[in-house]
Amino acid sequence: MDEIEVPQFFICPISLEIMKDPVTLSTGITYDRESIEKWLFSGKNECCPVSKQPIIPDSDLTPNHTLRRLIQAWCTMNASHGIERIPTPKPPINKTQIIKLINDAKSPQSQIKCLRRLRSIAAESETNKRCLESAGAVDFLASLIGNNYNELENDMSFSDHFARASDEALCILNNLQLSETVLKNLMARNQELVESLTKVMQRGTCESRVHAVVLLKSLLEVADPMRIIGLRPELFVELVQVLKDQDQVSKAAFKAALQLLIQLCPWGRNRIKAVEAGAVPVLIELLLETNSSEKRRCVEVAMAVLDTLCGCAEGRAEFLHHSAGLAMVSKKILRVSQTASEKAVRILHSISKFSATSGVLQEMLQLGVVAKLCLVLQVDCGSKTKERAREILKLHARTWKKSPCVPTSLLSSYPA
């Protein structure tokens, strides 16, 4: 290929490679379909890469058949140089075909067939994914999840069918990588969707539970605050269960469950719901199992959730009830990251300010928590972290300052 000159207008302006499926935008510029789809859909860009002109929303990528035939003819002429002829691309699906496919999915058997076809269509290209959205496939898939799990409760004779249909629908919805606008509209039109996904997490297969928690994260990121405040306790029970089953679920689902707890707990009584679901001991056990030298982000997120939960009396009581709580949080200070250190000191600040019984104060001494706080004042770990550590030490100076548990080398750091 280096021995012959390739016509410049055969080259895609983005990938700088010969186009296999040339398409023209509304701006008049031609690109290779795969490259421009990545630019527009995966990159979420709204302007033509070359002309920088805005692209008309929902405009089609028009196949440039003339250019494609010229490229194919040129490839054939230069076959002796080792150039292979590009195959004629398969035309993308259109909206009418998808609507017909959905309308024909009436019986239980035809639903499975329809879902498999939709999954295949979505996997072919980004254009197909957007076409599925515009044809109403998103609402169809969401309705299947809710309706099928309701049917599971009423008629167990179809349980296998309903479970498989829901699994397929969930998988497709996640693969579509729905935009924020589509997710908001989906939440608005499907009031029971969160409850349906909670049922999937309760009764679904391992794979469907993974898809459910990942989709829930995307939905609740754009949800109205009133929806978040009104979430049912069952959802928090299932999120905690995902954390317990970390060896059985994917990393994506595990991270999504942690991030959902961070996102949801500050609202209303959600942190109490999370505490009652057993989140605190599970998070402490997670810190016990996780090395400080690995999974840094996982530790940071777990500490952030614990910090939020210790903001309520119920959370602090559960934290202190766990024999390893104080020790594990103190151990993460100065050993993981500045963020983890900050969260750890925040947790200790909540405990020492609102739950500092004489027993707790003595335990903090014996476990080396006080010595660790003195060390924080000697090193560079962020001004806010130092400020909180200093406040904790001042708050209980009468109990701690003269204790033999604090090393002499650190006593000089103890605030006056």
### Task
Apply side chain to side chain contact (heavy atoms under 4.5 Å, CB included) to Asp139 and Asn185, showing your working.
CA-CA 9 Å; Asp139 286 328; Asn185 291 337; over 6 Å; no
### Message
Strictly below 4.0 Å, N to O, side chains only: are Arg119 and Glu168 in salt-bridge contact?
### Response
yes
### Query
If you draw a 6.0 Å radius around CD in Glu180, do more than 12 non-hydrogen atoms from other residues or ligands fall strictly inside?
no
### Query
Can you tell me if Asn64 uses its side chain to pair, donor with acceptor, with the backbone of Pro22 under 3.5 Å?
no
### Task
Taking the side chain as every heavy atom from C-beta outward, state whether Leu361 and Ser358 have any pair of such atoms under 4.5 Å apart.
no
### Query
Is the shortest distance from a Lys or Arg side-chain nitrogen in Glu391 or Arg388 to a carboxylate oxygen in the other one below 4.0 Å?
no
### Message
Do Asp167 and Glu207 make a side-chain contact, defined as non-hydrogen atoms from C-beta onward lying under 4.5 Å apart?
### Response
no
### Contact check, side chains of Glu276 and Ile272, non-hydrogen atoms, under 4.5 Å
yes
### Message
For a side chain to side chain contact (heavy atoms under 4.5 Å, CB included) check, start with the C-alpha distance between Met364 and Leu348, then their side-chain angles and the critical distance, and finish with the verdict.
### Response
CA-CA 9 Å; Met364 291 175 80; Leu348 295 174; 4.3 Å; yes
### Task
Report the C-alpha separation of Phe354 and Cys310 in whole Å, then their side-chain angles, then the decisive distance to 0.1 Å, and conclude whether the side chain to side chain contact (heavy atoms under 4.5 Å, CB included) test is met.
CA-CA 10 Å; Phe354 301 109; Cys310 285; over 6 Å; no
### Task
Would you check, one step at a time, whether the test side-chain hydrogen bond (donor to acceptor under 3.5 Å, both in side chains) holds for Thr30 with Thr24?
CA-CA 4 Å; Thr30 297; Thr24 304; 2.9 Å; yes
### Query
Do side-chain atoms of Asn94 reach the backbone of Thr96 as a donor and acceptor pair under 3.5 angstrom?
yes
### Least distance between heavy atoms, Pro266 atom then Thr308 atom
N-CG2, 4.1 Å
## Note on the structure
Rounded to the nearest 0.5 Å, the NZ atom of Lys353 sits from the NE2 atom of His396 at a distance of 10.5 Å
#### Entry: Within 6.0 angstrom of Arg189 CZ, more than 12 heavy atoms from elsewhere
yes
### Message
Quick one, Glu34 with Lys20, criterion side chain to side chain contact (heavy atoms under 4.5 Å, CB included). Give me CA distance, side-chain angles, the key distance, then yes/no.
### Response
CA-CA 9 Å; Glu34 184 179 355; Lys20 297 178 180 178; over 6 Å; no
### Query
Nearest heavy-atom pair of Cys206 and Gln248: which atoms, and what distance?
SG-O, 2.9 Å
### Task
Would you sort out whether Arg296 and Ser337 count as a side-chain hydrogen bond (donor to acceptor under 3.5 Å, both in side chains), showing the intermediate values?
CA-CA 7 Å; Arg296 187 183 75 175; Ser337 66; 4.7 Å; no
### Query
Counting only heavy atoms not in Gln97, do more than 12 fall under 6.0 Å of its CD?
yes
### Query
Below 4.5 Å, heavy atoms only, C-beta onward: do Lys273 and Leu235 meet side chain to side chain?
no
### Message
Quick one: does any side-chain atom of Trp400 pair with a main-chain N or O of Gln362 as donor and acceptor, under 3.5 Å?
### Response
no
### Message
Check this for me: Arg227, atom CZ, are more than 12 non-hydrogen atoms of other residues, nucleotides or ligands nearer than 6.0 Å?
### Response
yes
## Note on the structure
All heavy atoms of Asp21 vs all of Asp32, minimum pair found to be N-OD1, 2.9 Å
### Task
Report, as yes or no, whether the 6.0 Å neighbourhood of atom NZ on Lys255 holds more than 12 heavy atoms from other residues, nucleotides or ligands.
no
### Task
Work out which heavy atom in Arg164 is nearest to a heavy atom in Arg116; give both atom names and the distance.
NH1-NH2, 3.6 Å
### Task
Using a strict 4.0 Å threshold on nitrogen-to-oxygen distance, state whether Lys384 and Glu387 make a salt bridge.
no
### Message
What's the separation between atom CD1 in Ile172 and atom SG in Cys114, rounded to the nearest 0.5 Å?
### Response
7.5 Å
### Summary
One should read off an interatomic distance between Lys331 NZ and Leu288 CG, to the nearest 0.5 angstrom, of 8.0 Å
### Task
Kindly check if the number of other-residue, nucleotide or ligand heavy atoms within 6.0 Å of CD (Glu46) is above 12?
no
### Query
So how far is it from Leu186 CG to Leu173 CG, rounded to the nearest 0.5 Å?
7.0 Å
### Message
Taking the side chain as everything from C-beta on, heavy atoms only, tell me whether Arg117 gets closer than 4.5 Å to Lys113.
### Response
no
### Query
Quick one: are Cys48 and Tyr31 in side-chain contact, heavy atoms under 4.5 Å?
yes
### Message
Is any side-chain heavy atom of Val376 closer than 4.5 Å to one of Ser341?
### Response
no
### Query
NZ of Lys343 to NE2 of His349: how many Å apart, nearest 0.5 Å?
14.0 Å
### Query
Are the side chain of Lys184 and the backbone N or O of Ser179 linked by a donor-acceptor pair below 3.5 Å?
no
### Message
Would you compute the distance between atom CD of Glu363 and atom CG of Leu326 and round it to the nearest 0.5 angstrom?
### Response
5.0 Å
#### Entry: Nearest heavy-atom neighbours spanning Ala165 and Leu115
O-CD1, 3.3 Å
### Query
Is the closest side-chain donor-acceptor distance between Ser355 and Arg316 under 3.5 Å?
yes
### Query
Would one find more than 12 heavy atoms of other residues, nucleotides or ligands at under 6.0 Å from atom CD of Glu318?
yes
### Query
Is there side-chain contact between Gln241 and Arg209, with at least one heavy-atom pair below 4.5 Å?
yes
### Summary
Nearest heavy-atom approach of Thr27 to Pro54 is CG2-O, 4.2 Å
